[in-house]
2 protein chains.
Amino acid sequence: MTPTSLAVTPSTVCCSPLVREPLDAATAVSVARVFKAIGDPARLRLVSIVAAHAGGEACVCELIEPLGLSQPTVSHHLKVLVDAGLLHREQRGVWAYYSIVPAALDALATVLDTQQHTAP
Amino acid sequence: MTPTSLAVTPSTVCCSPLVREPLDAATAVSVARVFKAIGDPARLRLVSIVAAHAGGEACVCELIEPLGLSQPTVSHHLKVLVDAGLLHREQRGVWAYYSIVPAALDALATVLDTQQHTAP
DNA sequence: ACGAGACATTGACAACTGTCGATGTCTTGG
DNA sequence: CCAAGACATCGACAGTTGTCAATGTCTCGT
């Protein structure tokens, strides 16, 4: 920030200028929180299994077995994913159904896409 | 496991069938490792700052200040990103230049994209 | 060859995370 | 109203992670 009017300082010699504004600290914190949520094998698989089910939703009973984790642990991971905005929870009778929130995945993909191309 | 020959068991009633194969455990581990790498505010900003520089590369000296972290900490985060395959390191004289690995970001985006649409 | 500077590595520590067993809550069938 | 089942919450514990100060390594100019 606040670029000085000095033309050349020794620490600047090695470096190239910015071609766009990087993520600010606050945005980075909120985006990283979501990446962190899927940055766990169990949770990534949960998202994948839910997405692989017809209708894009699944109940908890179908998630425990393929993961090989205890029910409380699966419940914990699901809560993390819901808190991150990646999954939506809906109680229907006795069962709780979890479904993908496409917008959340899309937002992450957009962030990744932004980092790929360097402006001219 | 071990489904009985009974036609209807209470625990099966609630669930919908799979429309595609979810991520297997091994794939989930390796993909989650990369997501985890950018699932940290400091590292996400590092990637962003590197990508925002002309040529898609930056030297360490230009990364420390905007992050507000110590030099060893920045060096540590850079190592994590390199190990995850997200950044490439190249030593040029006294300076070390880090650059984006577009293919790595692309692979993540593809995984995210796969989870978004539900097959018919 | 020597010293300076850029960056990496080490060691240490507090904070966080994943996991489980035990227990609580809520809905439904009888 | 009561018991059963689906799921969430709690408490606890081992393992991991982010951070820094101190130190090491490597490259270049003098």
Side-chain angles (χ1 to χ4, degrees), chain A residues 8-16 25 28-29 32-47 50 57-65 67-84 87-99, chain B residues 6 8-16 25 28-29 32-47 49-50 57-65 67-84 87-99:
Chain A
V8 181
T9 60
S11 15
T12 314
V13 160
C14 61
C15 302
S16 48
V29 167
R33 207 193 317 271
V34 187
F35 275 126
K36 188 175 190 176
I38 46 172
D40 176 273
R43 289 195 288 265
L44 183 56
R45 291 188 75 196
L46 278 175
V47 169
V50 168
E57 67 172 19
C59 69
V60 182
C61 63
E62 267 294 23
L63 300 172
I64 296 173
E65 209 176 277
L67 250 72
L69 295 174
S70 72
Q71 175 264 316
T73 300
V74 172
S75 218
H76 163 68
H77 285 310
L78 288 170
K79 181 175 169 53
V80 172
L81 289 169
V82 169
D83 288 349
L87 292 186
H88 170 73
R89 187 191 122 103
E90 183 186 351
Q91 181 105 26
R92 283 210 293 273
V94 184
W95 297 291
Y97 287 82
Y98 287 85
S99 54
Chain B
L6 290 173
V8 181
T9 60
S11 13
T12 315
V13 160
C14 60
C15 302
S16 49
V29 168
R33 206 192 319 270
V34 187
F35 275 126
K36 188 175 190 175
I38 45 173
D40 176 273
R43 289 194 290 265
L44 183 57
R45 290 188 76 195
L46 279 175
V47 169
I49 295 170
V50 169
E57 66 173 21
C59 69
V60 182
C61 63
E62 266 295 23
L63 300 172
I64 296 173
E65 207 177 281
L67 251 72
L69 295 174
S70 73
Q71 176 266 317
T73 300
V74 172
S75 218
H76 162 68
H77 285 310
L78 288 170
K79 181 175 168 53
V80 172
L81 289 168
V82 169
D83 288 350
L87 291 186
H88 170 73
R89 187 191 122 102
E90 184 186 350
Q91 181 105 27
R92 283 210 292 273
V94 185
W95 297 292
Y97 288 82
Y98 287 85
S99 54

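In what follows, chains carry the letters A, B, and so on, assigned in the order in which the sequence lines appear, proteins first and then strands, with residues in each chain numbered from 1.
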Could you check how far [atom1] of [X] sits from [atom2] of [N], rounded to whole Å?
X: Glu90(B); N: dC26(D); atom1: CD; atom2: P; answer: 19 Å
X: Leu78(B); N: dC7(C); atom1: CG; atom2: C1'; answer: 10 Å
X: Arg45(B); N: dG18(D); atom1: CZ; atom2: P; answer: 16 Å
X: Leu46(A); N: dC7(D); atom1: CG; atom2: P; answer: 13 Å
X: Leu63(A); N: dC7(D); atom1: CG; atom2: C1'; answer: 12 Å
X: Leu67(B); N: dG18(D); atom1: CG; atom2: C1'; answer: 13 Å
X: Ile64(A); N: dA6(D); atom1: CD1; atom2: P; answer: 9 Å
X: Arg89(A); N: dC7(D); atom1: CZ; atom2: C1'; answer: 7 Å

Reckon His76(B) touches a base, only the sugar-phosphate, or nothing at all at heavy-atom distances under 4.0 Å?
base

Counting C-beta onward and ignoring hydrogens, is there a side-chain heavy-atom pair between His77(B) and Leu63(B) closer than 4.5 Å?
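No, too far: nothing below the 4.5 Å cut-off.
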
Please examine the side chains of Leu67(B) and Arg45(B), heavy atoms only from C-beta on, and report whether any two atoms are closer than 4.5 Å.
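Side chain of Arg45(B) against side chain of Leu67(B), heavy atoms only: contact under 4.5 Å found.
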
So, does [X] get its side chain near the phosphate of [N], meaning an N or O under 4.0 Å from OP1 or OP2?
X: Tyr97(A); N: dC7(D); answer: no
X: Arg92(B); N: dT27(D); answer: no
X: Lys36(B); N: dT17(D); answer: yes
X: His77(B); N: dT17(D); answer: no
X: Arg43(B); N: dG18(D); answer: yes
X: Thr73(A); N: dT19(C); answer: no

Do Glu62(B) side-chain atoms and Ile64(B) backbone N/O form a donor-acceptor pair below 3.5 Å?
no

Main-chain N/O of Thr73(A) paired with Gln71(A) side-chain donor or acceptor, under 3.5 Å:
no

Cys61(B), nearest nucleotide to its side chain (from dA6(C), dC7(C), dC20(C))
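For the Cys61(B) side chain, the nearest candidate turns out to be dC7(C).
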
Heavy atoms from C-beta onward define the side chain here; which of dG18(C), dT9(D), dC7(C) lies closest to that of Lys79(A)?
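For Lys79(A), the side-chain atoms sit closest to dT9(D).
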
To the closest 0.5 Å, what do you measure between CD (Glu57(B)) and OH (Tyr98(B))?
12.5 Å

Has the side chain of Gln71(A) got a donor or acceptor that lies under 3.5 Å from a partner of the other kind on the base of dA8(D)?
yes

Please compare Ser70(A) and Gly93(A) by the position of their nearest nucleotide in DNA chain C and report the one closer to 5'.
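Nearest nucleotide further toward 5': that of Ser70(A).
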
